Engineer: 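Can you keep this structure in mind? I'll have questions shortly.
Predicted model, so just to flag it, every value in this text is computed and none were measured.
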2 protein chains.
Amino acid sequence: MPLFMSKYTNKVDRKGRVSVPAQFRAALPAGFQKSIVMYQAVNQEAIECCDLLHIEKVNDSLEGFDPLSDEQHEFSLALMSGLVELTFDGNGRIIIPQELMEYAGITEYATFAGKGKTFQIWEPEAFQHELNKARDKVKEKRAMLRFRQNNENGGKGD
Amino acid sequence: MPLFMSKYTNKVDRKGRVSVPAQFRAALPAGFQKSIVMYQAVNQEAIECCDLLHIEKVNDSLEGFDPLSDEQHEFSLALMSGLVELTFDGNGRIIIPQELMEYAGITEYATFAGKGKTFQIWEPEAFQHELNKARDKVKEKRAMLRFRQNNENGGKGD
DNA sequence: TAATATCCCATGATATTCCATTTATAGAAT
DNA sequence: ATTCTATAAATGGAATATCATGGGATATTA
């Protein structure tokens, strides 16, 4: 299972093109390496990205609810209508739509940050701030994570 | 399960390459011997290293959180974006990213120190200092342990 | 026919691969 | 123990490949 990890900061050229880090392209599932899907991150001024397979799975799980409640209809509409699929050019670059660029405040450089099954694109300084914030919170709650891990592995006695 | 133990100091050549000790490479789990994953150690000026399998487990446990919660997003971003996966060249060497080299203060030589399930990479002198500190703490604790044992047996006069 | 997007190729920087040499390690023989 | 020998590991450098980036040319479309 390939994961998106690390962070890379790439230049947005004057035509609006950015290279998606080769590592991230390589981490896309087989058969889904031609494009990525992106949308506005919730509660963060960043662009959330994943592969098309991931979206298909999310959609399947939404349709699993039968019948769909009004809420679920609204939710899936809001989610799916906000998605953009971008295919790479021959050199692994994409052109991020203006709306998303503005949402994330990206101009000259874009920071690609791994999140496991997804990754995000940030304006570099904004990312640094977010990272500091997030790290503080992680330090606070690290104990909780350790507790869960120990429970999964260690508690398996019987 | 093989463990990372002992310590080795290797040279960083002018291209930034360092050999990962053969013993450490051999201790990587089967199927995960092509690379290691590293990140800034918390509360220490050192690089923390483990195998990719270890990371996949951590990521799985992260996904255990509510996928829509702010917490889950912050955790994954903070942890995963800070990771770097490095694959070995034909001779078992890696190139440590500049940012991590600077964080640990490594220039000419790097000390690999086993920690059991993980290992660390230090600037040699910094490691020596850390080791002295750690040994002092062990002494303290051992004294405390002896004290307890004596207290438990003590009344019985063996 | 502007304006925009796509394709193609060039380039410098960096990373990877490959091979040669040196150094360290382990075991056998003295 | 000490020396010798065979093997493995670490180190160095040159050749090669990959990647991010830039720009021109071609296609699309409004």
Side-chain angles (χ1 to χ4, degrees), chain A residues 2 4-28 33-38 47 49 84-102 106-114 119-124 127, chain B residues 2 4-28 33-38 47 49 52 81 83-102 106-114 119 121-124 127:
Chain A
F4 300 110
M5 54 177 99
S6 303
K7 68 178 216 292
Y8 307 86
T9 297
N10 289 342
K11 195 167 196 309
V12 180
D13 72 15
R14 75 173 100 170
K15 291 171 157 181
R17 298 175 299 188
V18 222
S19 288
V20 174
Q23 301 276 12
F24 284 9
R25 277 180 273 141
L28 293 167
Q33 306 208 325
K34 295 185 299 297
S35 70
I36 53 174
V37 175
M38 54 177 64
I47 304 168
C49 307
V84 193
E85 183 183 3
L86 298 176
T87 55
F88 303 118
D89 73 9
N91 297 315
R93 288 176 292 194
I94 54 173
I95 296 179
I96 302 172
Q98 201 52 39
E99 190 183 348
L100 287 173
M101 290 286 275
E102 282 167 12
I106 297 169
T107 55
E108 299 240 344
Y109 289 90
T111 295
F112 294 74
F119 64 92
Q120 294 184 329
I121 310 178
W122 289 78
E123 191 284 322
F127 175 70
Chain B
F4 301 110
M5 50 181 135
S6 177
K7 73 179 213 295
Y8 308 86
T9 296
N10 289 342
K11 193 168 195 311
V12 180
D13 73 16
R14 76 171 99 169
K15 291 162 108 181
R17 298 176 298 190
V18 221
S19 288
V20 174
Q23 283 81 352
F24 285 9
R25 278 180 273 142
L28 293 167
Q33 305 209 325
K34 295 185 299 298
S35 70
I36 53 174
V37 175
M38 53 177 64
I47 303 169
C49 306
L52 186 56
S81 75
L83 304 181
V84 194
E85 182 182 3
L86 299 176
T87 54
F88 303 117
D89 73 10
N91 298 317
R93 288 176 293 193
I94 54 172
I95 296 179
I96 302 172
Q98 200 53 38
E99 192 181 347
L100 287 173
M101 291 286 275
E102 283 167 13
I106 297 169
T107 55
E108 301 246 331
Y109 289 88
T111 295
F112 294 75
F119 63 92
I121 310 178
W122 288 78
E123 192 284 323
F127 176 69

Engineer: Of all heavy-atom pairs between B:R17 and B:D13, which one has the smallest distance, and what is that distance?
Structural biologist: NE-OD2, 2.7 Å

Engineer: If you apply the rule side-chain contact (heavy atoms from CB on, under 4.5 Å), what do you find for B:F112 with B:C49, and how did you get there?
Structural biologist: CA-CA 10 Å; B:F112 294 75; B:C49 306; over 6 Å; no

Engineer: Would you kindly give the CD1-to-P distance between A:I96 and C:dA5, to the nearest whole Å?
Structural biologist: 13 Å

Engineer: With rounding to the nearest 0.5 Å, note down the distance linking CD1 in B:I121 to NZ in B:K7.
Structural biologist: 15.0 Å

Engineer: Scan residues 10-18 of chain A against DNA chain D and write down, sorted by residue number, each residue with any heavy atom closer than 4.0 Å; if none is found, say none.
Structural biologist: A:N10, A:K11, A:D13, A:R14, A:K15, A:R17

Engineer: Tell me, please, which residues at least two apart from B:Y8 pass ring pair (Phe, Tyr, Trp, His ring centres under 6.0 Å).
Structural biologist: B:F24

Engineer: May I have the distance from A:Y109 (atom OH) to D:dA20 (atom C1'), rounded to whole angstrom?
Structural biologist: 11 Å

Engineer: Looking only at heavy atoms, what is the nearest atom pair of A:R25 and A:F88, with distance?
Structural biologist: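 Of all heavy-atom pairs spanning A:R25 and A:F88, the closest is CG-CZ, 3.7 Å.
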
Engineer: Dump the intermediate steps for side-chain contact (heavy atoms from CB on, under 4.5 Å) on B:F4 and B:L28, then the final yes or no.
Structural biologist: CA-CA 9 Å; B:F4 301 110; B:L28 293 167; 3.8 Å; yes

Engineer: Once you round it to whole Å, what is the distance between P of D:dT18 and CZ of A:R25?
Structural biologist: 12 Å

Engineer: Considering only heavy atoms from C-beta outward, does the side chain of B:I95 approach that of B:L86 to under 4.5 Å?
Structural biologist: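 The answer is no; the side chains never approach within 4.5 Å.
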
Engineer: Is it the case that atom CD in B:Q33 sees more than 12 heavy atoms from other parts of the structure closer than 6.0 Å?
Structural biologist: yes

Engineer: CD/A:Q23 to CD/B:E85 distance, rounded to the nearest 0.5 angstrom?
Structural biologist: 7.5 Å

Engineer: Atom pairs under 3.5 Å, N or O on each side, protein against nucleotides 19-24 of chain C: can you list them with distances?
Structural biologist:
unit_1, atom_1, unit_2, atom_2, d
C:dC19, N4, B:N91, ND2, 2.8

Engineer: Expressed in angstrom and rounded to an integer, what is the separation of A:I95 atom CD1 from C:dA3 atom C1'?
Structural biologist: 13 Å

Engineer: In whole Å, I'd like the distance from the CG atom of A:D89 to the P atom of D:dA27.
Structural biologist: 17 Å

Engineer: Given atom CZ of A:F112 and atom C1' of D:dT21, what is their separation to the nearest angstrom?
Structural biologist: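 It works out to 13 Å between those atoms.
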
Engineer: B:K34 NZ to C:dT16 C1': how many Å, rounded?
Structural biologist: 16 Å

Engineer: Going by salt bridge (charged side-chain N to carboxylate O under 4.0 Å, His left out), name the residues that satisfy it together with A:E102, two or more places apart in sequence or in a different chain.
Structural biologist: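 Salt bridge (charged side-chain N to carboxylate O under 4.0 Å, His left out) check on A:E102 returns nothing, list empty.
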
Engineer: Got a sec, which residues hit side chain to side chain contact (heavy atoms under 4.5 Å, CB included) with A:Y109, two or more places apart in sequence or on another chain?
Structural biologist: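 With sequence neighbours excluded, A:Y109 shows a side chain to side chain contact (heavy atoms under 4.5 Å, CB included) to A:T9, A:K11, A:P124, given in chain and number order.
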
Engineer: End-to-end bend of the helix from C:dT1-D:dA30 to C:dT30-D:dA1 (five-pair axes, 10° rounding)?
Structural biologist: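 End axes: 30° apart.
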
Engineer: What is the separation between atom CD on B:Q98 and atom P on C:dT14, rounded to the nearest whole Å?
Structural biologist: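 In whole Å, C:dT14 P and B:Q98 CD are 11 Å from each other.
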
